[in-house]
Novice: 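Sharing a structure here in structure tokens format.
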Amino acid sequence: MASMRVKDALAADVGSRATLRGWVRTRRDSKAGLSFIQLHDGSCFEPIQVVAKADLPNYERDVLHLTTGCAIEVEGELVESQGKGQRVEVAAEAVRVVGWVEDPDTYPASAKRHTFEYLREVAHLRPRTNTFGAMARVRHRLAFAIHDYFDRNGFFWVHTPIITTSDAEGAGHLFRVSTLDAMNPPMTDDKRGVDWKQDFFGKQAFLTVSGQLNVETYCCALGRVYTFGPTFRAENSNTSRHLAEFWMIEPEIAFADLRDDAALAEGLLKHVLDDLLTHRADDMAFFDERIEKGLIDRLKHVIASPFRMLPYTEAVEILQKSGKAFEFPVQWGGDLQSEHERYLTEEHFKQPVVVVDYPKGIKAFYMRLNDDGKTVAAMDVLVPGVGELIGGSQREERLEVLDGRLEEMALPKDDYGWYRDLRRYGTVPHAGFGLGFERLVMYCTGLTNIRDAIPFPRAPGQAGF
RNA sequence: UCCCCGAUAGCUCAAUGGUAGAGCGAGCGGCUGUUAACCGCUAGGUUCCAGGUUCGAGCCCUGGUCGGGGAGCCA
């Protein structure tokens with residue numbers, strides 16, 4: 001008989017026959033001559049209850065020794081449950097042990113509450129817990145919904161490179177990619193440094209920090225494009241919101257300005273939240289009950305209300321008039337600190353806020369200079385609990401202005417040859433943003449540490465598993 | 001990288017400088033169509049590492065390592 005997944009068994013008609021395979025979550029015995037086994041196989045949040053009676057030939061030998069984590073195969077009939085808590089259960093006719101837990105006393109994912117800190121140390125077993133099973137399914141659904149939204153709106157997924165030789169993307173420290181012998185690298189003739197010409201790519205290479213510059217080229221040909229892939233930052237940042245390896249979604253739209261960009265961000269977020277609540281209602285109910293009370297209502301509120309657009313200059317005024325004693329003073333021209341962003345989105349507006357038109361001095365070279373000459377068409381989408389979920393901008397499409405910005409920031413024009421070409425050959429206004437996927441997962445689940453929003457987190461000093 | 005806090009049983013945590021304990025988990029037994037089951041018993045320890053102070057250190061001091069919270073950088 002073909003095996004059935006728990007998800008389908010829970011929805012199947014009473015009287016159906018089923019073979020189920022999965023892992024034991026708990027076992028409870030009754031002296032009435034039967035054992036209850038909660039079996040999960042990852043297909044959905046709920047486990048299914050298996051009722052194994054004492055007349056099974058291996059009841060004494062096997063069933064009574066099943067512990068949390070054992071892998072089993074159960075064959076039987078789906079029957080109406082006599083107990084409360086579940087509609088159907090499996091009346092087992094055979095229980096086969098596929099894999100035992102060798103020492104139940106030290107099984108790292110035993111049937112008790114574990115802290116997230118501890119579970120990070122057993123990242124290979126934590127997917128068996130409620131929380132991390134749910135996290136994995138939510139991640140999948142969010143990724144699916146993102147692709148779905150873009151596809152429906154005429155976007156094309158562009159696969160930008162992971163390895164880049166452009167060290168000028170201006171977004172933090174890079175991880176070097178090299179095949180040279182680190183102990184004894186070839187040196188230049190003057191012995192002053194490593195001779196990168198002899199390296200694999202004939203020049204220095206790194207892991208990408210952003211696909212933006214690359215995706216802009218396809219934007220200026222296909223019109224609506226996006227990237228969705230891993231990105232890397234070699235920054236020594238130790239916070240609950242940063243990873244050294246994270247996934248980023250970067251749409252780029254042609255013939256568009258910052259307002260179009262903000263509208264896209266809002267449309268995308270609302271679509272994926274709605275899709276998630278619809279398709280992963282089981283996991284979301286768990287996050288709502290156990291991780292963050294009121295989570296579902298919060299997300300529904302976000303879907304229902306328009307995002308608040310807030311020019312940076314107004315944000316500064318609000319902060320200055322707030323009467324709050326901030327650790328860092330608020331003044332026009334400086335970047336908003338975490339505490340400022342938190343105040344705006346968590347206390348003042350209590351909803352996502354799109355801060356736009358930042359001072360040019362604190363933003364990247366490629367952001368479009370506004371007519372005031374002081375600000376650039378940049379935006380940050382700030383959300384309660386997570387902070388900066390999205391960072392984006394309208395790109396500078398005027399070659400002479402772009403060159404002026406490069407010069408201002410002392411960046412070598414020659415390094416931006418192909419990027420500048422886009423402004424020389426049929427340039428158009430265009431805009432885009434970067435959405436941190438793990439931050440989205442945090443925002444949607446209520447998880448408060450980004451290391452719990454990705455299967456295998458990479459952070460300074462952490463790359464086990 | 002900076003500031004603060006922490007590290008004791010498989011896990012979560014107690015323990016005036018003087019015999020290292022509990023809850024959960026685990027094993028065994030009891031009870032029960034159970035469902036975070038319940039009741040009883042039992043096992044389980046190089047107190048993170050290296051030094052130091054002391055008659056005596058889980059506790060005090062110094063230096064590491066690792067973890068957490070916050071900050072910066074950002075997504």
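Each chain gets a letter, A, B and so on, in the order the sequences are listed, and its residues count up from 1.
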Novice: Provide, to the nearest angstrom, the distance between the CD atom belonging to A/E235 and the P atom belonging to B/rA71.
Specialist: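 After rounding, the reported distance stands at 16 Å.
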Novice: Report the nucleotide, chosen from B/rU34, B/rC73, B/rG67, that has the shortest atom-to-atom distance to any side-chain atom of A/Q86.
Specialist: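 Shortest atom-to-atom distance from the side chain points to B/rU34.
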Novice: Separation of A/R342 atom CZ from B/rA71 atom C1', in whole Å?
Specialist: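 Taking CZ of A/R342 and C1' of B/rA71, I get 11 Å after rounding.
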Novice: For B/rU65, give its Watson-Crick or G-U wobble partner with both distances under 3.5 Å, or none.
Specialist: B/rA7
Novice: Any side-chain N or O of A/Q462 below 4.0 angstrom from OP1/OP2 of B/rG67?
Specialist: yes
Novice: So what's B/rA75 paired with, Watson-Crick or G-U wobble, going by both distances under 3.5 Å?
Specialist: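 Pair assignment: B/rA75 / none.
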Novice: Please confirm whether the shortest side-chain N or O distance from A/R113 to OP1 or OP2 of B/rC24 is below 4.0 Å.
Specialist: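 Indeed not, no polar side-chain atom of A/R113 lies that close.
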Novice: Could you pull out all residues at least two apart from A/Y118 that satisfy side chain to side chain contact (heavy atoms under 4.5 Å, CB included)?
Specialist: A/P108, A/H114, A/T115, A/E121, A/V122
Novice: When the C1' atoms of B/rA57 and B/rU8 are considered, how many whole Å apart are they?
Specialist: 14 Å
Novice: If you check every side-chain atom of A/K31, which of B/rU32, B/rG33, B/rC74 has the closest atom?
Specialist: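 For A/K31, the side-chain atoms sit closest to B/rU32.
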Novice: Which nucleotide, in any strand shown, forms a Watson-Crick or G-U wobble pair with B/rU34, with both distances under 3.5 Å?
Specialist: none
Novice: Are side-chain N/O atoms of A/R25 and A/N130 paired as donor and acceptor at under 3.5 Å?
Specialist: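 The answer is yes; a qualifying pair exists.
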Novice: By nearest atom, which of the nucleotides B/rA71, B/rA75, B/rG69 is closest to the A/S240 side chain?
Specialist: B/rG69
Novice: If you compare every side-chain N and O of A/S237 against the phosphate oxygens of B/rC74 (OP1, OP2), does one of them come in below 4.0 Å?
Specialist: no
Novice: Of the options B/rA75, B/rG10, B/rU34, whose atoms approach the side-chain atoms of A/K112 most closely?
Specialist: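 For A/K112, the side-chain atoms sit closest to B/rG10.
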Novice: Could you check whether atom CD of A/E80 has more than 12 heavy atoms from other residues, nucleotides or ligands sitting under 6.0 Å from it?
Specialist: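 Result for CD/A/E80: open.
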Novice: Heavy-atom count around A/K53 NZ within 6.0 Å, excluding the residue itself: above 12?
Specialist: no
Novice: Among side-chain atoms of A/T227 and A/W157, is any donor-acceptor pair under 3.5 angstrom?
Specialist: no
Novice: Salt-bridged, A/R96 to A/E75, with N to O below 4.0 Å?
Specialist: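 Here A/R96 pairs with A/E75 in a salt bridge, since their nearest N and O are under 4.0 Å apart.
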Novice: Tell me the interatomic distance from A/I362, atom CD1, to B/rC74, atom C1', rounded to whole angstroms.
Specialist: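 To the nearest whole Å, that distance equals 13 Å.
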Novice: Check the phosphate of B/rG68 against A/R451, side-chain N and O only, distance under 4.0 Å to OP1 or OP2. Yes or no?
Specialist: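 A/R451 to B/rG68 OP1/OP2: side-chain N or O found under 4.0 Å.
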Novice: Do A/F116 and A/F132 make the cut of ring centroids closer than 6.0 angstrom?
Specialist: yes
Novice: With a 3.5 Å limit on both atom pairs, tell me what B/rU12 is paired to, counting Watson-Crick and G-U wobble, or say none.
Specialist: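 When the pairing criteria are applied, B/rA22 turns out to be the nucleotide that pairs with B/rU12.
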Novice: Answer yes or no: does a side-chain N or O of A/Q49 lie under 4.0 Å from OP1 or OP2 of B/rU34?
Specialist: no
Novice: Determine: side-chain N/O of A/T115 to OP1/OP2 of B/rC11, distance under 4.0 Å, yes or no.
Specialist: no
Novice: Go through residues 118-143 of chain A and report each residue with a non-hydrogen atom lying under 4.0 Å from RNA chain B, sorted by number.
Specialist: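 Going residue by residue through residues 118-143 of chain A, the ones with a heavy atom under 4.0 Å of RNA chain B turn out to be A/Y118, A/R120.
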Novice: Sorted by first residue and then second, give each side chain to side chain donor-acceptor pair (under 3.5 Å) pair with at least one member in residues 450-465 of chain A; sequence neighbours left out.
Specialist: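 Matches after skipping sequence neighbours: A/R120-A/D452, A/R126-A/D452, A/R451-A/Q462.
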Novice: Using the P atom in both, what is the distance from B/rU16 to B/rC2, to the nearest Å?
Specialist: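 Here B/rU16 and B/rC2 have their P atoms 33 Å from each other.
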Novice: How many whole angstroms separate atom CE of A/M379 from atom P of B/rA75?
Specialist: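 In whole Å, B/rA75 P lies 11 Å from A/M379 CE.
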Novice: B/rC24 and B/rA14: how far apart are their C1' atoms, nearest whole angstrom?
Specialist: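 Rounded to whole Å, the distance is 14 Å.
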Novice: Measure the distance between the ring centre of A/Y107 and the centre of the six-membered base ring of B/rA26, then answer whether it is under 5.5 Å with planes under 30°.
Specialist: no
Novice: Is the distance between the ring centroids of A/F228 and A/H159 under 6.0 Å?
Specialist: no
Novice: If we take the P atom in both B/rC38 and B/rU46, what is their distance in whole Å?
Specialist: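 Comparing P positions in B/rC38 and B/rU46 gives a spacing of 29 Å.
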Novice: Hey, would you say the A/F232 and A/F246 ring centroids sit under 6.0 Å apart?
Specialist: no
Novice: Pick the C1' atom in B/rU12 and in B/rG25, then give their distance to the nearest Å.
Specialist: 11 Å
Novice: Would you indicate which nucleotide in B/rU34, B/rA75, B/rA26 comes nearest to any side-chain atom of A/T67?
Specialist: B/rA26
Novice: Under 3.5 Å for both donor-acceptor distances, Watson-Crick or wobble: does B/rG27 have a partner, and if so which one?
Specialist: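 The base-pairing partner of B/rG27, which may sit in any strand shown, is B/rC41.
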Novice: What is the distance, to the nearest angstrom, from the CD atom on A/E117 to the P atom on B/rG67?
Specialist: 11 Å
Novice: Is the distance from OP1 or OP2 of B/rA36 to the nearest side-chain N or O of A/R28 less than 4.0 Å?
Specialist: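 Answer no for this pair, as no side-chain N or O of A/R28 is under 4.0 Å from OP1 or OP2.
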Novice: Taking B/rA9 as the reference, what is the distance to B/rA15 when you measure between their P atoms (whole Å, please)?
Specialist: 15 Å
Novice: Provide, to the nearest angstrom, the distance between the CG atom belonging to A/L34 and the P atom belonging to B/rU32.
Specialist: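 To the nearest whole Å, that distance equals 12 Å.
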Novice: B/rG33, B/rG72, B/rA75: which one has an atom nearest the side-chain heavy atoms of A/V51?
Specialist: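 Within the option list, the nearest is B/rG33.
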Novice: In whole Å, measure the gap between the C1' atoms of B/rC59 and B/rU1 for me.
Specialist: 32 Å
Novice: Taking atom C1' in both B/rA7 and B/rU47, compute the distance separating them and give it to the nearest angstrom.
Specialist: 10 Å
Novice: Please check the phosphate of B/rG67 (OP1 and OP2 only) for any side-chain N or O of A/N238 closer than 4.0 Å.
Specialist: no
Novice: Taking only the side-chain heavy atoms of A/P104 (C-beta and beyond), determine which of B/rA75, B/rA26, B/rU1 contains the nearest atom.
Specialist: B/rA26
Novice: Looking at the side chain of A/D105, which of B/rA71, B/rA26, B/rG68 is the nearest nucleotide?
Specialist: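 The closest nucleotide is B/rA26.
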Novice: Side chain of A/T68, heavy atoms from C-beta onward: which of B/rA26, B/rG33, B/rC74 has the nearest atom to it?
Specialist: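 Side chain of A/T68 sits closest to B/rA26.
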